[in-house]
Amino acid sequence: MTMAMSIAQFTFFSRATSSSFLNRTNARFNRFTFSTPFSTADATCTRKKNGRLPVLSALELGGVKIARDDVVRDDPTNNVPDSIFSKLGMQLHKRNQHPIGILKNAIYEYFDANYSNKFDKFDDLCPLVSVKQNFDDVLVPADHISRSYNDTYYVDSQTVLRCHTSAHQAELLRDGHTHFLVTGDVYRRDSIDSTHYPVFHQMEGFRVFSPKEWEASGLDGTSYAADDLKKCLEGLARHLFGAVEMRWIDAYFPFTNPSFELEIYFQEKWMEVLGCGVTEQEILRNNGQLDSVAWAFGLGLERLAMVLFDIPDIRLFWSNDERFTSQFTKGKMGIKFKPFSKFPPCFKDMSFWINESFTENNLCEVVRGVAGDLAEEVQLIDNFTNKKGMTSHCYRIAYRSMERSLTDEEINELQRKVREQVETKLNVELR
Ligand code: PHE
């Protein structure tokens, strides 16, 4: 994973040549793909009546209580670790003094001012959704890589932690909403570096047009919606970034056609800002909008906030250190983060013979499970296959705290545990 302003946590299904979700999960390594039965049952946020005793930790999400047991299970169809469960109730996007919340509010402001409060806002929808909501409802093909166990957190074979806010499009349409913004935490299994974290935040925008809105224009519905979408998002980018250079790139998403990505020129680089497009008719038809057209967009809030607030590492968003949290003010977009100090990283290498089911995402899950946010980067530095056909990987793990110096003993102990778990959980042979 290169640093090249990698916004993989950003667009989901776009073309494989960009730093997109697809690209991020390219076949660099052997990949174990989990095939899931694609049920049509909707998941709800209710506690399952499975006879389990309630456990100590329970969260309130979207007004519903969720126990650890509802999310983390010792079952082969479950791949949610405790470290992810602990993020479920954090709601960074609902904190008005946090960069993610400040950015959300600035985007709300733009929509309220330009569309006289017409957009309904949702920021409390439950992140536990059905496979149907997350994938089928937005026409993600049955064999799409994003459905794999390697890329998505499955609670059970029919329930996932949403991997994009598009998971809510269909239900909101069915409920009769025609203009809406959905903000929420989304979850993707991923590698480890300064711009990737398995939980991040997205905002989805959606607008439906009725025939009389485009008929007078002389354009067909699709062109009318595409023009409107581009104007709306160019205005949003100017609202956030000021007078910037922008360009539109053709893209691919299963749920929109045509599809685009917006790039802006920032600090001498073209940077992908969002994915969007004209909604597939099938989605509208399936959800009660027969003669309409619509547009949709999805943007990654961390990605934008890192640039707008000068935040160098994605882990900082999760820091409770006052030296981070106290630097931001409700309603203020112009603030630039001042790094409080930089502690040295410590590098540890480990080599092992991989097996068929080995994936880098699985390795990263083990590393995060042991080291949490002390893991800064996991990088493949050597890869070879011997005459017998056995493949060896050497990974370099960078440990660094954002908040303090780590001791040698502490790091050695982390590395010892990582080695132990890599061996037992991933079933590889250490070298
Ligand atoms: N869901 C897409 C993603 O996660 C973004 C998107 C939303 C694209 C809506 C088009 C329309 O990358």
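Computed from heavy atoms alone, side chains included, the values below leave out hydrogens, waters and symmetry copies. Atoms within each ligand, like the ligands themselves, are counted from 1 in listed order.
- Between Gln202 and ligand 1, at least one pair of N/O atoms sits closer than 3.5 Å.
- For a threshold of 3.5 Å applied to N or O pairs, the pair formed by Glu204 and ligand 1 contains no separation below that value.
- The contact set between ligand 1 and His164, taken as ligand atoms under 4.0 Å from a residue heavy atom, comprises 1 (N), 4 (O).
- For atom 8 (C) of ligand 1, the choice among Phe255, Phe260, Trp295 with the nearest heavy atom turns out to be Phe255.
- Of the N and O atoms on the side chains of Tyr252 and Asn257, not one donor lies less than 3.5 Å from an acceptor on the other residue.
- The shortest distance between side-chain heavy atoms of Lys336 and Gln327 does not fall below 4.5 Å.
- Ligand 1 has no nitrogen or oxygen under 3.5 angstrom from a nitrogen or oxygen of Gln169.
- Within a 6.0 Å radius of CD in Glu322, other residues, nucleotides and ligands contribute 12 heavy atoms or fewer.
- Ring centroids of Phe358 and Phe352 are separated by less than 6.0 Å, placing the two rings close together.
- Contacts between Met203 and ligand 1 below 4.0 angstrom, taking non-hydrogen atoms only, are absent altogether.
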Next item on the list: With side chain to side chain contact (heavy atoms under 4.5 Å, CB included) as the test, would you mind laying out the steps for Phe343 and Met402 before giving the verdict?
Entry: CA-CA 7 Å; Phe343 298 96; Met402 299 269 106; over 6 Å; no
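- Only the backbone of Phe297 comes within 4.0 Å of ligand 1, judged by heavy-atom distances.
- Heavy-atom proximity to Gly275, at under 4.0 Å, picks out these atoms of ligand 1: 6 (C), 8 (C), 10 (C).
- Only backbone heavy atoms of Cys276 (N, CA, C or O) come within less than 4.0 Å of ligand 1; its side chain stays farther off.
- Two rings, from Phe206 and Phe180, have their centers less than 6.0 Å apart.
- For an aromatic pair to be called close, the ring centres must be under 6.0 Å apart, and Phe340 with Phe324 fails this.
- Taking every heavy atom of Ala296 and a limit of under 4.0 angstrom, the matching atoms of ligand 1 come to 9 (C), 11 (C).
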